[in-house]
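To keep things clear, I will list the structure first and then write my remarks on it.
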Amino acid sequence: MRAIGIVDCNNFYVSCLRSFMPKLIGQPVIALSNNDGCVVARSNEAKKIGIKMGQPLFQITKKIFDYNVQVFSSNYELFGDMSRRVFSAMQRFVEEFHPYSVDEAFFSFNQVEQMQPGLLEYCQSIRSTVDQWTRIPVSIGLAETMTLAKVANKWAKSHPEHQGVFWIDTAEKRDEILDQFPIQDLWGVGRQYQALLKRHGIKTALQFSKMPHDWIQQFMTVEGLRLIYELQGIPCRSLDTEPLHKKSICVAPSFGRKVTKYSTVYEALATYLARAAEKLRKHQSAAGVVTVFLHTNRFDPIGPHHYGSMSVALPHPSSSTTELLNYAEPLLKAIWKEGYDFQKVGVILNEIMPVEHQQKLIFADSPDPRHAALSQVVDQINLRHGRDKLRVAAQGYDKSWKIKQRYKSPCYTTKWSDILTVK
DNA sequence: TCTGGGGTCCTAGGACCC
DNA sequence: TCTGGGGTCCTAGGACCC
């Protein structure tokens with residue numbers, strides 16, 4: 001028998017912080033999104049006092065004061081590195097390991113019957129090893145399909161008596177759990193589908209799994225149908241059908257303040273484009289289409305508002321920062337409007353293909369090999385000496401528009417200057 | 001309802017082809 | 001008053017995920 005598993009780090013960002021600041025254990029702790037905008041991770045204590053996922057920070061200032069909530073800005077350098085550590089630990093103990101997000105990964109066991117001492121005990125030992133190595137608590141869900149594994153994982157989290165591991169191993173157990181499982185907690189059911197299903201009297205996953213297939217397909221597309229099959233134990237998603245390369249890369253953080261000057265927006269665009277091109281090169285890919293967009297703050301009730309977006313197809317795919325910027329700059333000029341308070345500029349790269357494919361094609365205007373060589377040198381230098389040590393002049397020096405991070409934690413694992421010291 | 005950012009897949013409808 | 005069939009490609013938009 002085969003079992004599909006999903007491992008999920010509990011309150012991941014908060015757990016990363018606690019890993020290096022043990023005094024935070026037992027306290028209400030939250031981690032914020034970019035610009036300290038809203039809550040993206042909460043400790044159990046923070047959940048208990050009613051802080052919601054995605055809630056804007058300004059709405060909970062009183063709660064933070066009253067309960068002495070510990071607040072931290074995003075620190076993706078730390079979180080990303082901790083994610084790598086957890087995954088590399090996990091990987092040793094399972095088959096077919098596939099990271100799904102920064103804090104989740106799927107895996108499988110193909111011969112469950114032959115496992116000694118048994119699947120549950122084995123997963124328990126994985127859990128304690130990961131905890132010992134990284135101080136990140138994880139939960140593990142196991143079942144016949146990916147969707148049921150997600151259900152099992154949620155069950156493990158909400159029922160502490162299972163000590164972080166739950167296995168849906170029989171049809172009876174499956175139906176028993178699905179009968180108690182709220183529809184909105186299912187993987188693939190968001191706000192809209194939840195409302196639709198509730199209007200039709202569907203409240204639990206078990207009820208959902210018995211809906212007529214043609215109705216589901218009509219209102220929830222084939223994705224809804226797949227969901228039903230998966231809940232019945234018939235796999236419709238597989239671990240190994242992940243895309244070989246990304247289809248799009250987007251870099252678009254908001255400004256830390258309102259920006260009205262073209263030159264400032266252009267500096268930000270050049271910086272984001274450099275970041276996007278770095279990602280492309282890391283995946284040995286090149287992009288064929290560049291999109292630039294720009295907008296004011298949509299939540300500002302007064303305005304005036306402006307939204308602009310424009311794309312261009314390149315004569316040949318490229319991953320060179322300078323070359324991509326040559327195409328992006330006219331786009332920004334075209335969508336620019338004077339006299340607005342802009343909140344964000346962003347760049348999206350599309351039509352992404354691996355570089356080896358690129359070389360097989362014949363282009364009217366073939367890429368200049370010097371661009372690739374230059375980018376490679378820039379990446380090597382920046383890898384050693386820090387991001388943007390070597391950069392395009394257009395990225396500028398005035399970084400006043402950069403995101404706000406008032407409560408930033410140290411990068412304990414990636415910066416010598418931030419390393420933990422023991423006195 | 002969301003004042004974050006970065007992704008995915010699916011569908012409807014229009015343009016255009018023979 | 002009636003009036004083809006069959007196909008592809010592209011885009012916008014909607015739903016979802018973490």
Side-chain angles (χ1 to χ4, degrees), chain A residues 6-13 30-42 51-61 73-76 79-80 83 98-106 146-147 150 153-154 183-197 216-227 230 236-237 241-258 268 272 275-276 279-280 283 288-289 291 293 295-302 305 307 309-311 313 341 343-352 403-405:
Chain A
I6 181 163
V7 58
D8 181 317
C9 303
N10 302 348
N11 311 334
F12 181 54
Y13 295 162
I30 57 174
L32 303 175
S33 65
N34 272 353
N35 274 318
D36 298 336
C38 54
V39 179
V40 293
R42 307 156 293 158
I51 295 176
K52 298 271 181 279
M53 185 69 175
Q55 204 166 15
L57 181 63
F58 72 83
Q59 286 179 4
I60 53 170
T61 42
S73 299
S74 60
N75 183 347
Y76 296 110
F79 302 155
S83 168
H98 295 279
Y100 175 70
S101 73
V102 70
D103 69 334
E104 277 175 88
F106 285 98
M146 291 170 77
T147 306
K150 291 276 277 189
N153 186 288
K154 281 221 173 186
I183 188 79
Q184 66 268 24
D185 289 354
L186 274 180
W187 192 34
V189 176
R191 260 203 322 277
Q192 302 299 325
Y193 288 157
Q194 178 195 349
L196 171 77
L197 292 166
I216 292 295
Q217 170 135 29
Q218 188 184 346
F219 293 105
M220 295 177 67
T221 79
V222 297
E223 291 289 349
L225 212 48
R226 286 185 188 133
L227 184 51
E230 286 254 318
C236 292
R237 305 168 178 275
T241 54
E242 284 164 37
L244 297 172
H245 58 270
K246 280 190 201 298
K247 295 187 169 171
S248 70
I249 289 175
C250 172
V251 179
S254 300
F255 300 129
R257 59 170 172 86
K258 292 204 175 94
Y272 301 166
R275 203 104 309 137
K279 282 194 206 178
L280 263 183
H283 295 103
V289 170
T291 302
F293 65 91
H295 61 78
T296 48
N297 183 0
R298 66 202 158 109
F299 293 99
D300 179 353
I302 304 191
H305 291 294
Y307 179 93
S309 169
M310 197 178 268
S311 305
D341 289 334
Q343 184 216 11
K344 171 183 289 196
V345 66
V347 60
I348 306 171
L349 303 177
N350 274 305
E351 301 288 309
I352 294 173
I403 61 166
K404 285 183 290 191
Q405 291 185 312

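Chain naming here is simple, since letters A, B, ... match the order of the sequence lines and numbering starts at 1 in each. In this text, all values refer to a predicted model and were calculated from it rather than measured experimentally.
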If you find the nucleotide of DNA chain B closest to F255(A) and the one closest to Q55(A), which residue's nucleotide is nearer the 5' end?
Q55(A)

Which one is paired to dC18(B), where only Watson-Crick or G-U wobble pairs with both distances under 3.5 angstrom count?
dG5(C)

Whole-angstrom distance between dG4(C) and dC16(B), as gauged at atom C1'
16 Å

Does D103(A) reach a base, just sugar-phosphate, or nothing at all? Heavy atoms under 4.0 Å.
sugar-phosphate

Find which nucleotide of DNA chain B each of P56(A) and V222(A) is nearest to by heavy atoms, and output the residue with the more 5' nucleotide.
P56(A)

Determine the Euclidean distance between corresponding P atoms of dT1(C) and dA15(B); express it in Å to zero decimal places.
28 Å

Considering only heavy side-chain atoms of Y100(A), the closest of dC18(C), dG6(B), dC2(B) is dC18(C)

Any base atoms under 4.0 Å from I249(A), or only sugar-phosphate, or nothing? Heavy atoms, all strands.
sugar-phosphate

Tell me whether the side-chain N/O atoms of R226(A) come closer than 4.0 Å to OP1 or OP2 in dC9(B).
no

Describe, in one word, how the ring planes of Y76(A) and F79(A) are oriented to each other, choosing from parallel (under 30°), tilted (30 to 60°) and perpendicular (over 60°).
perpendicular

Looking only at the side chain of C38(A) (C-beta and beyond, no hydrogens), which of the listed nucleotides dG7(B), dG4(B), dG6(B) gets closest?
dG4(B)

So, is K150(A) near the phosphate of dC17(C), with a side-chain N or O under 4.0 Å from OP1 or OP2?
no

Using a 4.0 Å heavy-atom cut-off, does G188(A) contact any base of the nucleic acid, only the sugar-phosphate backbone, or nothing at all?
sugar-phosphate

Between D103(A) and the options N11(A), D8(A), V7(A), the side chain to side chain contact (heavy atoms under 4.5 Å, CB included) test singles out D8(A)

If you look at every strand shown and take non-hydrogen atoms under 4.0 Å, does V102(A) touch a base, only sugar-phosphate, or nothing?
nothing

Sticking with atom P, work out how far dC17(B) lies from dT3(C), rounded to a whole angstrom.
26 Å

Which part of the nucleic acid does L227(A) contact within heavy-atom distance under 4.0 Å: base, sugar-phosphate only, or nothing?
nothing

Taking any heavy-atom pair under 4.0 Å as a contact, classify S74(A): base, sugar-phosphate, or nothing.
nothing

Kindly assign one of parallel, tilted or perpendicular to the pair W187(A) and Y100(A), based on the angle between their ring planes and the thresholds 30° and 60°.
perpendicular

How is E104(A) classified with respect to the nucleic acid when contacts are heavy atoms under 4.0 Å: base, sugar-phosphate, or nothing?
sugar-phosphate

Would you please confirm or rule out a distance under 4.0 Å between OP1 or OP2 of dT3(B) and any side-chain N or O of K258(A)?
no

Quick one: label Y193(A) by what it contacts on the DNA or RNA (base, sugar-phosphate, nothing), any heavy atom closer than 4.0 Å.
sugar-phosphate

